Protein chains: 2
Amino acid sequence: MSVTATESSTRERTRRAILLAAIATLIAKPNASLGEVADAAEVARSTLHRYYPSRAALIAALNAFVDAEYEAAVKRSRPDTGSGLEAYERLCAELLDAHQIFYWWTQSVHLEEDRKPEYDPTVQAVLRRGQEDGTIDRRLDPEWLEMSIWPSLLTAYQYAVTSHRSRHEAREMALRTLIKIAAA
Amino acid sequence: MSVTATESSTRERTRRAILLAAIATLIAKPNASLGEVADAAEVARSTLHRYYPSRAALIAALNAFVDAEYEAAVKRSRPDTGSGLEAYERLCAELLDAHQIFYWWTQSVHLEEDRKPEYDPTVQAVLRRGQEDGTIDRRLDPEWLEMSIWPSLLTAYQYAVTSHRSRHEAREMALRTLIKIAAA
DNA sequence: CGTTTTTGGGACATGAATGTACGATCGCTC
DNA sequence: GAGCGATCGTACATTCATGTCCCAAAAACG
């Protein structure tokens, strides 16, 4: 987000509340109005505007926030440890645990036209390593595999919401699916 | 769509042109304005309004159109023939060939709140048959498997657009992925 | 408790998308 | 080439989201 000056703790809390509410709201309804976001955050619309002067600013903050979470998740998965498939599995597990956040990313791609999916060099390295050490399917393009991760998270989220199954079951199936896709 | 009276061939052609343009436009940009849709269809906005009085009417027609295409695709795949996995594979192949249409469906789910994913009884029957005859993974819920189809189509579409690969390669990888997911 | 910070909530201007209406024009058919 | 169906393009009213301003109330802070 790169806040220039440090904020008071009060402001920081409010800012975070708005951000989280924005994620929750915009995930469920990408064209939700700022008024709806403000309601979800339990602040006045004018307050929201004070923190994020424009919708674009809010979206930018959202993207920055998600990017940061993503990088943290990748780091936690220790991408350099073990076989390619093992690292891939750990990464998927990390992402699944925060899928409600990353779900936003999947959505936002379709809202802004300039936004193009970028391939994460770290993830690409993991997948290529897996193909070399024989644990990951060589017939599938690493770029394809990376792209395939997001929709599965999305499905897991929807499945947990829609079906009568528990969140845990959804997580298990998503993880199993992701491994089946990539495994040699 | 349920057009009450039969239309002149001219009107029919125009109506179809609008519908197809709407799909193409709204897939790429779900919040595109009706003006943009009209431009894509190469008709005046007033003409579009003559055929579909409101945005809601256009969306409804779109959904009906896609539903019909979907049913046709399912039928073409001969869901009652062969093993469960074979039928599933044929179905996926059919859907892949029209993925730019069904991609709309994936999008529209997030635009309307009331719209809930329904499970197709025919597809569910295919998947359950596959689990019984041992060709489809018993550990994965049929509902989960059905939900997993759409994101893969979506990925295939994006992959074909984004990457430098050919449409054919994208199709092959998507099909391979879908089979890997479901196979026992 | 007094001061400062932060929020609430309303008023307002603006712009974009939507929906309606209508006369002019094009193109096909008889 | 006259008639008729269909389209075009424009003008207009309306609604909604956005963004700006401002002041009073509430909360945090020393």
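The structure presented is a predicted model; accordingly, all values stated were derived computationally and were not measured.
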Asker: Looking at B:Tyr51, does any N or O in its side chain come under 4.0 Å of the phosphate oxygens OP1/OP2 on D:dA6?
Answerer: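 Checking B:Tyr51 against D:dA6: no side-chain N or O falls below 4.0 Å of OP1 or OP2.
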Asker: Looking at A:Glu36 and A:Thr25, would you say the former's side chain and the latter's main chain have a donor-acceptor pair under 3.5 Å?
Answerer: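 Side chain of A:Glu36 to backbone of A:Thr25, a donor-acceptor pair under 3.5 Å: no, none is there.
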Asker: Using side-chain contact (heavy atoms from CB on, under 4.5 Å), reason through B:Leu34 and B:His49 one step at a time and then give a plain yes or no.
Answerer: CA-CA 9 Å; B:Leu34 295 183; B:His49 258 108; 4.0 Å; yes
Asker: If I take atom CG in residue B:Leu58 and atom P in nucleotide C:dA17, what distance separates them, rounded to the nearest angstrom?
Answerer: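 So the CG-P distance, B:Leu58 to C:dA17, works out to 16 Å.
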Asker: Tell me every residue that passes salt bridge (charged side-chain N to carboxylate O under 4.0 Å, His left out) with A:Arg76, counting only those two or more places apart in sequence or in another chain.
Answerer: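 Result, salt bridge (charged side-chain N to carboxylate O under 4.0 Å, His left out) vs A:Arg76: A:Glu94.
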Asker: When the axes are fitted on five pairs at both termini, how much does the helix from C:dC1-D:dG30 to C:dC30-D:dG1 curve, in 10° steps?
Answerer: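 Inter-axis angle at the ends, rounded: 30°.
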Asker: Considering only heavy atoms from C-beta outward, does the side chain of B:Ile136 approach that of B:Leu145 to under 4.5 Å?
Answerer: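 Heavy-atom side-chain distance check passes, below 4.5 Å.
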Asker: Report the distance from atom CD of A:Glu12 to atom C1' of C:dT5, rounded to the nearest whole Å.
Answerer: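 It is 15 Å, rounded to the nearest whole Å.
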Asker: For residues 42-55 of chain A, which residue pairs pass the salt bridge (charged side-chain N to carboxylate O under 4.0 Å, His left out) check, not counting sequence neighbours?
Answerer: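 Residue pairs with at least one partner in residues 42-55 of chain A: there are none.
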Asker: Is A:Thr47 near enough to C:dG9 that one of its side-chain N or O atoms lies under 4.0 angstrom from OP1 or OP2?
Answerer: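 A:Thr47 to C:dG9 OP1/OP2: no side-chain N or O under 4.0 Å.
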Asker: All N/O contacts under 3.5 Å from nucleotides 25-30 of chain C to the protein, with atom names and distances to one decimal?
Answerer:
none

Asker: With sequence neighbours left out, write down each residue that passes salt bridge (charged side-chain N to carboxylate O under 4.0 Å, His left out) with B:Asp39, or none if nothing qualifies.
Answerer: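 None.
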Asker: Taking atom P of D:dC8 as reference, at what distance in whole Å does atom CG of B:Asp39 sit?
Answerer: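 Spelled out: CG on B:Asp39 to P on D:dC8 is 11 Å.
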Asker: Quick one: list whatever passes salt bridge (charged side-chain N to carboxylate O under 4.0 Å, His left out) with A:Arg165, sequence neighbours left out.
Answerer: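 Testing A:Arg165 for salt bridge (charged side-chain N to carboxylate O under 4.0 Å, His left out), a comparison that skips the adjacent residues, returns B:Asp141.
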Asker: Looking at residues at least two apart in the chain, or sitting in another chain, which of them share a ring-ring contact (aromatic ring centres under 6.0 Å, His included) with A:Tyr51?
Answerer: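 Per chain and number, A:Tyr51 pairs via ring-ring contact (aromatic ring centres under 6.0 Å, His included) with no residue.
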Asker: Do B:Tyr70 and B:Trp104 make the cut of ring centroids closer than 6.0 angstrom?
Answerer: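 That pair fails the under 6.0 Å test.
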Asker: Mind checking what makes side-chain contact (heavy atoms from CB on, under 4.5 Å) contact with B:Arg13, not counting sequence neighbours?
Answerer: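 For B:Arg13, the residues satisfying side-chain contact (heavy atoms from CB on, under 4.5 Å) (neighbours in sequence not counted) are B:Thr10.
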Asker: Quick check with a 6.0 Å cut-off and a 45 degree axis cone: is B:Arg15 positioned over the face of B:Tyr52's six-membered ring?
Answerer: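 Judged by the rule (NZ or CZ under 6.0 Å from the ring centre, within 45° of its axis), B:Arg15 counts as positioned above B:Tyr52.
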Asker: Measure the distance from CZ on A:Arg11 to P on C:dT4 and round it to the nearest whole Å.
Answerer: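 Going from A:Arg11 (CZ) to C:dT4 (P), I get 18 Å.
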Asker: Tabulated below should be each protein N or O lying under 3.5 Å from an N or O of nucleotides 14-16 of chain C; please produce it.
Answerer:
none

Asker: Summarise protein proximity over nucleotides 11-30 of chain D in one line of letters, 5' to 3': B for base, S for sugar-phosphate only, - for none, counting protein heavy atoms closer than 4.0 Å.
Answerer: ------SBBB-------SS-
Asker: Provide the full list of side-chain hydrogen bond (donor to acceptor under 3.5 Å, both in side chains) pairs with a residue in residues 173-184 of chain B, sequence neighbours left out, each pair given once.
Answerer: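 Checked against side-chain hydrogen bond (donor to acceptor under 3.5 Å, both in side chains) - neighbours excluded - the pairs reaching residues 173-184 of chain B are A:Asp137-B:Lys180, A:Trp144-B:Thr177.
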Asker: According to salt bridge (charged side-chain N to carboxylate O under 4.0 Å, His left out), who are the partners of B:Asp97, at least two apart in sequence or on a separate chain?
Answerer: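 Scan of B:Asp97 (salt bridge (charged side-chain N to carboxylate O under 4.0 Å, His left out), adjacent residues dropped) gives B:Arg171.
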